[in-house]
Amino acid sequence: MRQRSAVPPPAASGTEVSPRLLGWAAVILLLGFVALSAVLLIDVRAPLFQRGDEAVTATVAAGQTGALTTVALFLHHFGQWPLATVWLVALLLPLAVARRWDSIALVVGAWAGTSLLAVPFFKAVVDRVRPLEQLVVMASPSYPSGHTAFAAVVTMSAVAVCPPKWRAWALVGSLVCTAAMGWSRIYVGVHWFSDTMGGALLGWGIALLAWWAVARVHGIRAGRIDSDAS
């Protein structure tokens with residue numbers, strides 16, 4: 001007689017998306033990040049896209065208003081400690097109540113891999129200077145944008161663990177939140193456009209990699225249980 005699986009069904013864990021698709025998406029995004037980083041490492045003071053970065057900065061600066069400045073400064077503070085913990089608590093608390101430990105591991109692992117490991121590492125290696133005209137003072141290296149990477153990894157992790165019927169809306173939300181955070185970093189003058197692109201590629205890529213890993217684990221568990229029950 002077939003026994004009931006103790007592993008949460010894919011719909012509950014949010015892993016029914018093809019692991020192969022997740023894996024390829026993660027590889028493409030992370031390769032894009034590596035390519036962007038390589039261009040900067042060749043000539044970090046005057047990379048090939050520096051003029052484009054400066055043009056974007058000038059365009060954003062030309063559109064500054066009091067209301068937009070308020071929004072940009074709010075996102076600046078909301079994307080760094082201690083207010084950034086609100087993002088994680090809002091995502092992790094419902095998962096803890098539902099005892100979805102694999103989903104918690106996905107979120108925490110993706111966030112830690114991005115914000116605690118990858119971002120500081122690449123900031124130290126690339127060591128890019130920030131723009132000079134800043135609305136807030138930031139002295140650490142510019143690339144990649146830690147705020148943008150944080151927004152990307154947390155919101156894409158939310159896409160991974162949310163109920164499938166909400167996933168399309170969650171994906172749109174991830175894109176919008178990440179773009180808004182990237183815009184705010186350019187607006188307050190602490191990042192170039194390519195810094196924010198690097199942060200987005202890195203955060204999304206690591207979140208998808210974590211999603212792929214959890215999907216693979218669930219697939220292995222399900223196969224093992226089916227084998228034991230047959």
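None of the values given here were measured: they were computed from a predicted structure.
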Would you check, one step at a time, whether the test side chain to side chain contact (heavy atoms under 4.5 Å, CB included) holds for Val154 with Thr114? CA-CA 10 Å; Val154 172; Thr114 301; over 6 Å; no

With a 4.5 Å cut-off on side-chain heavy atoms, are [Y] and [X] touching?
{"X": "Leu29", "Y": "Leu209", "result": "no"}
{"X": "Leu21", "Y": "Trp212", "result": "no"}
{"X": "Tyr143", "Y": "His191", "result": "no"}

Let me confirm one number: the [atom1]-[atom2] distance from [X] to [Y], rounded to the nearest 0.5 Å.
{"X": "His76", "Y": "Tyr187", "atom1": "NE2", "atom2": "OH", "value": "14.0 Å"}
{"X": "His147", "Y": "Asp195", "atom1": "NE2", "atom2": "CG", "value": "13.0 Å"}
{"X": "Asp127", "Y": "Ser140", "atom1": "CG", "atom2": "OG", "value": "10.0 Å"}
{"X": "Leu22", "Y": "Arg216", "atom1": "CG", "atom2": "CZ", "value": "11.0 Å"}
{"X": "Ser184", "Y": "Leu68", "atom1": "OG", "atom2": "CG", "value": "11.5 Å"}
{"X": "Trp192", "Y": "Thr57", "atom1": "CH2", "atom2": "OG1", "value": "5.0 Å"}

Closest heavy-atom pair and its distance - [X], [Y]:
{"X": "Leu40", "Y": "Pro47", "answer": "CD2-CG, 3.7 Å"}
{"X": "Ala152", "Y": "Gly199", "answer": "CB-O, 4.3 Å"}
{"X": "Gly32", "Y": "Leu201", "answer": "C-CD1, 3.8 Å"}
{"X": "Val214", "Y": "Asp102", "answer": "CG2-O, 4.1 Å"}
{"X": "Pro144", "Y": "Gly198", "answer": "CB-C, 4.0 Å"}
{"X": "Leu36", "Y": "Ser194", "answer": "CD2-O, 3.5 Å"}

Same cluster or not: [X] versus [Y], using hydrophobic residues (I, L, V, M, F, W, Y) connected whenever any side-chain heavy atoms lie under 4.5 Å apart?
{"X": "Ile206", "Y": "Leu117", "value": "no"}
{"X": "Val34", "Y": "Val27", "value": "no"}
{"X": "Val108", "Y": "Val89", "value": "no"}
{"X": "Phe49", "Y": "Val129", "value": "no"}
{"X": "Val137", "Y": "Ile186", "value": "no"}

Determine, stepwise, if the pair Thr148 / Arg185 fulfils side chain to side chain contact (heavy atoms under 4.5 Å, CB included). CA-CA 8 Å; Thr148 310; Arg185 307 313 288 155; 3.8 Å; yes

Within the side chain of [X], is there an N or O that forms a donor-acceptor pair under 3.5 Å with the backbone of [Y]?
{"X": "Glu133", "Y": "Gly189", "answer": "no"}
{"X": "Arg130", "Y": "Ser142", "answer": "no"}
{"X": "Arg167", "Y": "Cys162", "answer": "yes"}
{"X": "Thr85", "Y": "Trp81", "answer": "no"}

Restricting to side-chain contact (heavy atoms from CB on, under 4.5 Å), what partner residues turn up for Val44, sequence neighbours left out? Val126, Arg128

Start with the C-alpha distance between Val161 and Leu91, add both sets of side-chain angles, then the distance that settles side chain to side chain contact (heavy atoms under 4.5 Å, CB included), and finish with yes or no. CA-CA 9 Å; Val161 301; Leu91 186 54; 4.0 Å; yes

Trp101 atom CH2, neighbour heavy-atom count above 12 within 6.0 Å: yes

Without placing hydrogens or testing angles, list every side-chain donor-acceptor pair under 3.5 Å for residues 172-183, not counting sequence neighbours.
from: Ser174; atom 1: OG; to: Thr155; atom 2: OG1; distance (Å): 2.8
from: Ser174; atom 1: OG; to: Trp204; atom 2: NE1; distance (Å): 3.3
from: Thr178; atom 1: OG1; to: Ser174; atom 2: O; distance (Å): 2.7

According to ring-ring contact (aromatic ring centres under 6.0 Å, His included), who are the partners of Trp87, at least two apart in sequence or on a separate chain? Phe78, Phe150

So Phe122 and Phe33, would you call those rings parallel, tilted or perpendicular, with 30° and 60° as cut-offs? perpendicular

As a quick check of understanding, evaluate side chain to side chain contact (heavy atoms under 4.5 Å, CB included) for Ser157 and Val153, giving each step before the final call. CA-CA 6 Å; Ser157 296; Val153 72; 4.3 Å; yes

